[in-house]
Amino acid sequence: MRRSQKGFTMIELIAVMVILTILASSTIGSYSGFNQSLRLFEEARDMSRKIQYARDYCIARNESFFLKVDAAATPSTYSLFHNNNSTALVLPDENSNTFELPGYADITSTNIVTAGLEFDTFGEPQVTVDSSNIVFESGTHMIVIITPTGYTFLK
C-alpha cells in the first residue's frame, strides 16, 4: 500500500525561506533608495517655494530681493536678502534668512554667481541668461528660475 505525502519536507521549507529572504532584501534596498530620492525632492521643493515666497513678499513691498547660494559649503546653504543685498530677509514664520540643506541634499552646481541672483522690484531676475539653475545631486532634481518672469519650477 502506498503512503500519501502530507506537508513539505525540511529542504523544501528552507529553499522557500532562502528565496523569500533574497526577494525581501532586494525590495528593502529599492525602498531605501526611493525614500532618499523622495526626501531630496521634498528639500528641493521646499527651497523652490521659499524662493517664490520671498519674491512675492518683496514684490508686495516694492523691494528688490537677492538670493545667495553657497554650494561649496558643507552642508549647502542659501540665504535671502532684500533692498541693498546686505539686509537679511526673514520671512514670516521663519527664524533666519539663511537655510541649511541636509547632507543628502547637496547642491552640485548652479549658474547663480557668487554675489547672488538679484530680483528687481517687479520680481524679474537680473541676469543675461534665459534661466538660472540650482542642481541637486548631479542632476536628479533641478530648480529652474525663469527669466524674465522670475517664476520657479522643479524639474
Side-chain angles (χ1 to χ4, degrees), residues 16-155:
V16 168
M17 287 175 32
V18 166
I19 291 170
L20 288 176
T21 303
I22 291 169
L23 290 174
S25 65
S26 67
T27 303
I28 290 170
S30 298
Y31 178 74
S32 175
F34 171 75
N35 195 21
Q36 183 165 346
S37 177
L38 186 61
R39 289 186 300 172
L40 177 61
F41 175 77
E42 289 296 324
E43 287 297 328
R45 186 172 66 170
D46 186 48
M47 182 178 178
S48 177
R49 284 181 180 165
K50 284 181 182 163
I51 293 168
Q52 191 68 42
Y53 182 46
R55 177 189 167 274
D56 295 345
Y57 184 84
C58 287
I59 288 173
R61 285 158 183 73
N62 199 28
E63 298 175 343
S64 57
F65 156 63
F66 296 86
L67 169 67
K68 291 185 180 179
V69 177
D70 189 0
T74 305
S76 299
T77 61
Y78 63 100
S79 303
L80 308 174
F81 297 92
H82 62 102
N83 288 333
N84 59 3
N85 197 13
S86 63
T87 305
L89 172 61
V90 181
L91 297 171
D93 298 326
E94 297 292 343
N95 299 327
S96 173
N97 73 314
T98 301
F99 302 94
E100 189 174 287
L101 296 171
Y104 58 84
D106 283 335
I107 296 173
T108 55
S109 69
T110 181
N111 63 352
I112 296 175
V113 295
T114 308
L117 177 61
E118 178 184 359
F119 293 78
D120 65 12
T121 57
F122 299 112
E124 298 174 356
Q126 302 302 300
V127 293
T128 57
V129 295
D130 288 339
S131 62
S132 297
N133 300 320
I134 302 169
V135 181
F136 291 85
E137 297 296 321
S138 301
T140 55
H141 300 292
M142 181 185 330
I143 297 173
V144 179
I145 303 169
I146 303 296
T147 303
T149 61
Y151 291 117
T152 63
F153 69 91
L154 193 57
K155 232 174 155 178

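Along the sequence shown, residues are numbered consecutively beginning with 1.
- Note that the CZ atom of Phe136 and the OG atom of Ser109 stand 10.5 Å from one another [nearest 0.5 Å].
- No hydrogens or angles considered: a donor-acceptor pair under 3.5 Å links the side chains of Ser48 and Thr152.
- When all heavy atoms of Ile146 and Pro125 are compared, the pair lying nearest together is O-CG, 3.6 Å.
- Taking 4.0 Å as the cut-off between side-chain N and carboxylate O, Arg45 and Glu42 count as a salt-bridged pair.
- In this structure, Ile134 and Leu67 have side chains that are in contact, with non-hydrogen atoms separated by less than 4.5 Å.
- Taking CG from Leu117 and CD1 from Ile145, the interatomic distance works out to 5.0 Å, rounded to the nearest 0.5 Å.
- Applying side chain to side chain contact (heavy atoms under 4.5 Å, CB included) to Leu91 and the options Leu89, Asn95, Asp93 leaves one that passes, Leu89.
- Proximity of Asp46 to Phe99: side-chain heavy atoms (C-beta onward) are nowhere separated by under 4.5 Å.
- Shown here for Ser76 and Ile107, the closest heavy-atom pair between the two residues is OG-N, 3.1 Å.
- Under the 3.5 Å distance criterion, the side-chain polar atoms of Asn97 are left unmatched by any main-chain donor or acceptor of Ser79.
- The side-chain heavy atoms of Phe81 and Lys68, taken from C-beta on, include a pair separated by under 4.5 Å.
- Separating the OG atom in Ser25 from the CG atom in Leu20 is a distance of 11.0 Å, to the nearest 0.5 Å.
- Note that the CZ atom of Phe153 and the CE atom of Met142 stand 8.5 Å from one another [nearest 0.5 Å].
- Nearest heavy-atom pair across Gly150 and Gln52 is O-OE1, 3.9 Å.
- Across all non-hydrogen atoms, the minimal contact from His141 to Ala44 is CB-CB, 4.3 Å.
- The list of ring pair (Phe, Tyr, Trp, His ring centres under 6.0 Å) pairs with a residue in residues 42-74, not counting sequence neighbours, reads Phe65-Phe119.
- Glu100 pairs by the salt bridge (Lys or Arg N to Asp or Glu O under 4.0 Å) definition with nothing, not counting sequence neighbours.
- Residues that satisfy the side-chain contact (heavy atoms from CB on, under 4.5 Å) test with Thr87, not counting sequence neighbours, are His82, Asn84.
- Crowding of Phe122 atom CZ: a count of heavy atoms from other residues, nucleotides or ligands under 6.0 Å not exceeding 12.
- With hydrogens and angles ignored, the 3.5 Å screen pairs no side-chain donor or acceptor of Asn133 with any backbone N or O of Val135.
- Considering CD1 of Ile143 and CE of Met47, their distance stands at 4.5 Å, rounded to 0.5 Å.
- For the pair Glu43 and Ala105, the tightest heavy-atom approach, listed with the atom from each and the gap, is CB-CB, 4.0 Å.
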